[in-house]
Amino acid sequence: MNRQTAERLFGPELSELESFARSLDLADPLAGFRDRFEIPLGPGGEPLVYLVGNSLGPLPRAARESVGSQLDRWGRSGVGGWFEQPEPWYGVEERWLEPLSRLVGSGRHEVTVMNGLTVNLHLLLASFFRPQELRRKILVESPCFPSDRFAVETQLRWHGLDPDECLIEIGADVGSPAIDEARFELALAEHGDEIAVFLLGGVNFLTGQRFDLERLARATHAAGAVFGVDLAHAVANVPLRLHDWDVDFAVWCHYKYVNGGPGAPGGAFIHDRHLADGRLPRLGGWWGNDPDTRFRMQLEPDYVPRDDAAGWQLSCPSVLAMAPLGPALELIDQAGPDRMREKSIRLTAYLEWLLDRIPDGPVEILTPADPKRRGAQLSLRIGREPAAFQARLQEAGVIGDFREPDVIRLAPAPLFNTYHDMWRAAEGVRNA
Ligand SMILES: Cc1ncc(COP(=O)(O)O)c(C=O)c1O
């Protein structure tokens, strides 16, 4: 696939001039959303070109008030805050399930907000990784995000299994940074009766490749295995229809494209096919227990899990950590995931086109060129002195992140990045 998407999207007007970038911003229907964020400033007081929304999204302005009002309530009412109207703390984790379920393409009852991503991954593997005789292997992509790899490796050991034998990792063909879905299908066909779980990143953290989750769910189920996905880099980035695609379970974080704040509580999805199956074992806690008996304490000691995704909750919610999530999801809902996706495709294609035009540039783009196979991220392989390159980019006010040994990730996020940011980023790369 050639890299001519931008020429198709922008037509004959497309140009490298700064004025062209400015004209795109003037015509951008989402342009007004940028002002609803605090974009970090550089030493000269100018907003940075913040291309790390795939790591930590910037602060939505409304989050200050949201956190502040919870602190006020805590000071004013103490424990009474749990039930004080309006919007008591009790049930706070359920308040955002509507917009969240729209974002991941699920029923409201199939999603919940709790813990961190890796904790949720362990909790769901506790339910879904039930090794039996021959079927006791886990399949992952390579490279797999380290925390996911640590989770599956330690789950295997937890069950007394040897990761050298039971962890199957599938990477790209030599010479191609992207992994063809057919490679997973082949592995599933070859080892089908041995694989218990296939865990995949919806968008790979390093290359930015987006996977066809519907196709891989089908292949996984044909092999008799369970399909789980890590959506850290996919939520609020690419369209998701978890229910219709028949994904068994999913976990994600809210601090990247959702802009929910550092360490924001994560999300989890469990397909309602499994919710109906009350026999699915799980690790329990009082917040996943039937709310009608939750506070009867010693009077009702039996654990009766809820029959929705919230039935996997353990602890009472982190009210303060959740406070920014409401305003953050509201912004996404107002902008609309479809319009965000459309702008994300255009921003990314424009940046790619500008980067491709840098003569003799030391830049190789690892991310697939086809917009359907990626989200809002371009991963650049920097052939010479990548750390110095990254430092020069930062001096130019362009913030990407460096992943050793030689990859710099730039993520144009549609809610707050501008076309002019793309122009400045390409200038930064050219000069670096
Ligand atoms: C793909 C992926 N998986 C897992 C994690 C770990 O998330 P947490 O620290 O919330 O457990 C991250 C964090 O950036 C990630 O990008």
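FYI, side chains are in, hydrogens and waters are out, and symmetry mates aren't considered; it's all heavy atoms of this structure.
Within the 4.5 Å cutoff, side-chain heavy atoms of Asn259 are placed close to those of Phe37. With contacts defined as side-chain heavy-atom distances shorter than 4.5 Å, the pair Glu395/Gln390 does not qualify. Using a 4.5 Å heavy-atom cutoff, the side chains of Leu51 and Arg409 are not in contact. Annotation: side chain of Leu161 is in contact with side chain of Pro131 (closest heavy-atom distance under 4.5 Å). Between Leu9 and Leu14 the shortest side-chain heavy-atom distance does not fall below 4.5 Å. For the pair Val251/Leu124, a side-chain contact is recorded, criterion being any heavy-atom separation below 4.5 Å from C-beta on. Using a 4.5 Å heavy-atom cutoff, the side chains of Arg381 and Ile365 are not in contact. Contact check for Leu100 versus Arg102: no side-chain heavy atoms found under the 4.5 Å cut-off.
Using a 4.0 Å cut-off between a side-chain N of Lys or Arg and a carboxylate O of Asp or Glu, Asp28 and Lys343 qualify as a salt bridge. Ion pairing of Arg273 with Asp248 is present here, as a side-chain N (NZ or NE/NH1/NH2) and a carboxylate O approach within less than 4.0 Å. Arg241 has a carboxylate O that lies under 4.0 Å from a charged side-chain N of Asp244, or vice versa, which qualifies the two as a salt bridge. Between Glu352 and Arg357 there is no salt bridge, since no side-chain N of the basic residue sits under 4.0 Å from a carboxylate O of the acidic one.
Within the model, atoms CG of Leu410 and CG of Asp421 stand 11.0 Å from one another, a figure rounded to the nearest 0.5 Å. The line from CZ of Phe416 to CG of Leu331 is 11.5 Å long, rounded to the nearest 0.5 Å.
Looking at Arg36 and Gln334, their side chains do bring a donor and an acceptor atom within 3.5 Å of each other. Side-chain contact check for Gln70 and Trp89: at least one donor-acceptor pair (N or O, by modelled atom type) lies under 3.5 Å. A donor atom on one side chain and an acceptor atom on the other are not found under 3.5 Å apart for Gln209 and Asn204. Looking at Thr112 and Trp312, their side chains never bring a donor and an acceptor atom within 3.5 Å of each other. No side-chain donor-acceptor contact under 3.5 Å links Tyr419 and Arg22. Side chains of Thr207 and Ser379: no donor on one and acceptor on the other come within 3.5 Å. The closest side-chain donor-acceptor pair between Asp307 and His109, if any, does not fall under 3.5 angstrom.
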Determine, stepwise, if the pair Glu98 / Asp333 fulfils side chain to side chain contact (heavy atoms under 4.5 Å, CB included).
-> CA-CA 10 Å; Glu98 288 290 341; Asp333 226 28; over 6 Å; no
Could you go step by step and tell me if Ser147 and Thr118 meet the side-chain hydrogen bond (donor to acceptor under 3.5 Å, both in side chains) rule?
-> CA-CA 7 Å; Ser147 201; Thr118 311; 2.7 Å; yes
Take Glu141 and Arg149 through the salt bridge (charged side-chain N to carboxylate O under 4.0 Å, His left out) test and state the conclusion after the steps.
-> CA-CA 9 Å; Glu141 94 250 46; Arg149 204 179 176 290; over 6 Å; no
Go through the steps to decide whether His420 and Glu18 satisfy the test side chain to side chain contact (heavy atoms under 4.5 Å, CB included), and finish with yes or no.
-> CA-CA 7 Å; His420 191 251; Glu18 185 175 9; 2.7 Å; yes
Output, in order, the C-alpha distance, side-chain angles, deciding distance and verdict of side chain to side chain contact (heavy atoms under 4.5 Å, CB included) for His122 and Thr154.
-> CA-CA 9 Å; His122 274 298; Thr154 53; 3.4 Å; yes
Would Val319 and Trp82 count as a side chain to side chain contact (heavy atoms under 4.5 Å, CB included) if you check the C-alpha gap in whole Å, the side-chain angles of each, and the deciding distance to 0.1 Å?
-> CA-CA 10 Å; Val319 174; Trp82 281 106; 4.0 Å; yes
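Nearest heavy atom pair, residue Arg130 against residue Ala126, reads NH1-O, 3.1 Å. Here the shortest heavy-atom pairing between Arg210 and Pro239 reads NH2-O, 3.3 Å. The two residues Leu231 and Ala250 come nearest to each other via the heavy atoms CD1-CB, 3.8 Å. The nearest pair of heavy atoms linking Arg424 to Pro47 is NH1-O, 3.2 Å. Closest non-hydrogen pair, Ile332 versus Ala236, comes out as CD1-CB, 3.9 Å. Residues Leu325 and Gly260 come closest through the heavy atom pair CD1-CA, 4.2 Å.
Between Phe145 and His233, the ring centre distance reaches or exceeds 6.0 Å. Taking the ring centroids of Tyr90 and Trp287, they lie under the 6.0 Å cut-off. Aromatic ring centres of Phe211 and Phe184: separated by under 6.0 Å. Checked against a 6.0 Å centroid threshold, the rings of His243 and Phe269 do not count as neighbours.
Other residues, nucleotides and ligands place no more than 12 heavy atoms under 6.0 Å from the CZ atom of Phe150. Heavy-atom contacts from other residues, nucleotides or ligands closer than 6.0 Å to CD of Glu342 number 12 or fewer.
The aromatic rings of Trp252 and His254 sit perpendicular to each other, their planes meeting at more than 60°, with 30° as the lower class boundary.
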